[in-house]
J.: 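Have a look at this one before I ask anything.
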Amino acid sequence: MPQSASNTATYVHNTNTSNPTRVRVTWDSAPVKDTTQEARPKTIGPQYIETQRPKVIIVGAGIAGLSLGVLLQLAGIEFRILERMTEFEHAESAIYLSGMTQKFFRQIGALEEIMSHAKMINNMIVGNEDRKVECTLEFGEQVKLFGSNGFMVPRRVLQNILVSRIERQNIVMGKRVLTYIPGNRYVTVKCSTGDLITCDILVGADGVFSAVRQNLYVELDAKGLLPPKDSQDISLTTVRLVGQTIPLDPEEFPAIKDESCQFWTYFTTATNCVCWSVNCYAERDNNKVFANTTFDYSQALSMAREVMDFPIITGGPGEPTMKDFLKYTTTSMKKVVLEEKLFKTWYHGRVVLLGNACHKINPAGGSGAINSIQDAISLANYIVSLPHWCEQKDIDHRLKAYQDERMPWIKEAFESNKLFKGMVEKNLKATMIRLYAKTMTSAVSRNVMMKMNSNRPQAAFLEYVPDTGTVPLAYQHSYHFTLRVLQDRALEDAEIAARAQEMKDNAARDESEATAGSELVYRAHLTPALAAIAEASAIVTARSAASAAAASQFGNALETFQNTPSKAKKPIASVV
């Protein structure tokens, strides 16, 4: 393809036609819109090398996007993560991760590191405004039932661990995706910087206000394929104030002494810091929230003044309030909007959604990050299972299987989160839920927990992690399907290698037989006289070779003798 100036390139498309379309891309300005639906620049953005494996673009470097990136890197799939921020923004809060995620961290080699920063959760304590405990939900049997416990870890720690396991060139910061150009064989991403980047699969992991999803839904709506529910506005459900204290004095805050995490309005961490949050729930779920709603520090400080007298339980003397945490909290405090919506459409063509981009779960139940990681595991399995030079029908099959596998678990998470959200509200419904939780029998509690934690997925292309829980694993279609594909692929590769070796052996044998056959043919055509001459010649040649070998042996012996100290010299026998 012809190249012009260093910052300009011309790409030829539809080369099979008599009149090919050319698109000129200038990095200093917005690229010309490609209307061919078949634009695939060979060298744009990160330098891609044509391979048989599918190339993936992940938009968004949150927990979902990073988790998928780690898995694709371990699978040898070429990918890039495009993040609109120029640097990672760390929210100073904690993330709950159930034991269902420990297989993932073990497979990527990060379990020991993450557990060194984590605190186990053995129970959840629900208190009231009088600082009295109304009920305690016990999780002590998790190790026996599921093989591992749930734990709390600072968000910053989790994000840093995931980033550290991705090669730096695979994360491109400051690349805000505006739109994409769909194609039958690939998709081209258009960035605000003017870059066009092509890939086989585009993954939107860019949050609840996903630009990828918005463009996908515009495309589907134009085709009359968008369900009405997906076109409805996202509603505000919660405004949350979050922050993290500096390391606290265990004598003043005895709760941080406990080896397990104290789960109240706050979470104790392994570093004696406290990650806290205060939620303000909307009375109705139809308050519209516009894309990328953000608050500055002054607004966070204003909300902090409103909640500073909120009573808390620290295990210490007196009547502590949120003010006792706020005075140890730095400028990391933030006010954020939390939405809640389950989208019906997760994919179309070569575009697929991941994590909050397709299901935004209220954090009351602490399952947002868990489900994002599980999404990544499922999607990574199906991407790895794609055949080389995959066609659209192959991608359609995998993406449909991905949504079919994940949708029931997401719906289950939405239902359980309603219970946790309702438990902490201030109304009659919340009082009834807390009463139910308090009087709920251990058998009922155990059954609920067993259902939620039976899904313990893992990647089929990484080393298998044995399950030690007594509760049977839920069937994971992506694992078994991908495992069969990989086994068939390995068997096919072995057969190809065996056939290649057999062909090589046959060629060597044929060459040897041909050489031996030509010698026999030569001898068969000699007359008795010529045969006698040939035999005599062979005898002379053999004797000459023997003499040369003897002379060489003599020379070597003489050289050795001359290099040996005089006291060790001995006569050398003559060689005839």
J.: Mark yes or no for whether S67, through its side chain, and I63, through its backbone, hold a donor-acceptor pair below 3.5 Å.
T.: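 At least one qualifying donor-acceptor pair exists.
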
J.: Return yes if a side-chain donor-acceptor contact under 3.5 Å exists between K341 and H359, otherwise no.
T.: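 No, no side-chain donor-acceptor contact under 3.5 Å.
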
J.: Side chains of L241 and K334: closer than 4.5 Å at any heavy-atom pair?
T.: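 Not in contact.
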
J.: Looking at S98 and F151, what are the two nearest heavy atoms and their distance?
T.: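 Looking at all heavy atoms of both residues, the closest pair is O-CE2, 4.2 Å.
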
J.: Hey, what's the ring geometry for H477 with F481, parallel, tilted or perpendicular (30° and 60° as the breaks)?
T.: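 Because their plane-to-plane angle is under 30°, the rings of H477 and F481 count as parallel.
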
J.: Check E405 against S378 and note the closest heavy-atom contact, atom names and distance.
T.: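 Reported closest heavy-atom pair: OE2-OG, 2.7 Å.
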
J.: State the CG-OG distance between L220 and S231, to the nearest 0.5 angstrom.
T.: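 With rounding to 0.5 Å, CG (L220) is 11.5 Å from OG (S231).
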
J.: Applying ring pair (Phe, Tyr, Trp, His ring centres under 6.0 Å), name anything that partners Y479, two or more places apart in sequence or on another chain.
T.: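 Result, ring pair (Phe, Tyr, Trp, His ring centres under 6.0 Å) vs Y479: none returned.
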
J.: Go through V278 and E306 one step at a time and tell me if the side chain to side chain contact (heavy atoms under 4.5 Å, CB included) criterion holds.
T.: CA-CA 11 Å; V278 178; E306 295 176 5; over 6 Å; no

J.: Using side-chain heavy atoms (C-beta onward) and a distance below 4.5 Å, is L353 in contact with V203?
T.: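 Contact flag for L353/V203 side chains = no.
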
J.: Between Y402 (side chain) and I383 (backbone), is there a donor-acceptor pair under 3.5 Å?
T.: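 No, because the side chain of Y402 does not come within donor-acceptor range (under 3.5 Å) of the backbone of I383.
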
J.: What closest approach, in Å, do L386 and P54 show between heavy atoms, and which atom pair accounts for it?
T.: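 So the two residues come closest at CD1-CG, 4.2 Å.
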
J.: Whether the N184 and R350 side chains hold a donor-acceptor pair (N or O, under 3.5 Å, no angle test) is what I'd like checked.
T.: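 There is no such pair between these side chains.
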
J.: Heavy atoms only: give me the nearest L71-A376 pair and the separation to one decimal.
T.: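 Closest pair (atom of L71, atom of A376, distance): CD1-O, 3.6 Å.
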
J.: Any luck finding a side-chain donor-acceptor pair between T482 and N381 under 3.5 Å?
T.: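 On atom types as modelled, these side chains do not qualify, holding no pair under 3.5 Å.
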
J.: Can you find a pair of side-chain heavy atoms, one from V59 and one from L202, that are under 4.5 Å apart?
T.: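 Side-chain contact under 4.5 Å: yes.
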
J.: Evaluate the side-chain proximity of L66 to Q159: yes if any heavy-atom separation is below 4.5 Å, no if none is.
T.: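 Heavy-atom side-chain distance check passes, below 4.5 Å.
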
J.: With a 4.5 Å limit on heavy-atom distance, are the side chains of R80 and I58 in contact?
T.: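 No; the side chains remain at least 4.5 Å from each other.
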
J.: Is the shortest heavy-atom distance from the side chain of W276 to the side chain of Q244 under 4.5 Å?
T.: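 They are not in side-chain contact.
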
J.: Do the side chains of D200 and R185 get close enough for a salt bridge, i.e. N-O under 4.0 angstrom?
T.: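 No, D200 and R185 are not salt-bridged.
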
J.: Ignoring hydrogens, what is the shortest heavy-atom contact between G65 and L354? Give both atom names and the distance.
T.: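 Shortest heavy-atom contact: N-CD2, 4.3 Å.
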
J.: Measuring from atom OG1 of T188 to atom CG of D195, what distance do you get when rounded to the nearest 0.5 angstrom?
T.: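 Atom-to-atom, T188:OG1 and D195:CG are 12.5 Å apart.
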
J.: Please determine whether the number of non-hydrogen atoms from other residues, nucleotides or ligands lying under 6.0 Å from atom CZ of R165 exceeds 12.
T.: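 More than 12 within 6.0 Å, yes.
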
J.: When rounded to the nearest 0.5 angstrom, what distance separates CE in M115 from CZ in R106?
T.: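 The CZ atom of R106 is 10.0 Å from CE of M115, to the nearest 0.5 Å.
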
J.: Testing the basics here: between H388 and R489, what is the closest heavy-atom pair and its distance to 0.1 Å?
T.: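 That would be NE2-NH1, 4.5 Å.
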
J.: Under 3.5 Å, is there a donor-acceptor pair between the Y180 and E219 side chains?
T.: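 Distance-only check passes for Y180 and E219.
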
J.: Please determine whether salt bridge (charged side-chain N to carboxylate O under 4.0 Å, His left out) holds for the pair K344 and D230, giving the CA-CA distance in whole Å, both sets of side-chain angles, and the decisive distance to 0.1 Å.
T.: CA-CA 6 Å; K344 187 175 181 180; D230 286 341; over 6 Å; no

J.: The criterion is ring pair (Phe, Tyr, Trp, His ring centres under 6.0 Å); which residues satisfy it with F105, sequence neighbours excluded?
T.: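 In terms of ring pair (Phe, Tyr, Trp, His ring centres under 6.0 Å), with neighbours along the sequence ignored, F105 is linked to no residue.
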
J.: Can you tell whether the side chains of D396 and K400 come within less than 4.0 Å, N to carboxylate O?
T.: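 The answer is no: the pair does not qualify as a salt bridge.
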
J.: Can the positive tip of R213 be found less than 6.0 Å from the middle of the six-membered ring of F343, inside 45° of the ring normal?
T.: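 Pair R213/F343 counts as cation-pi.
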
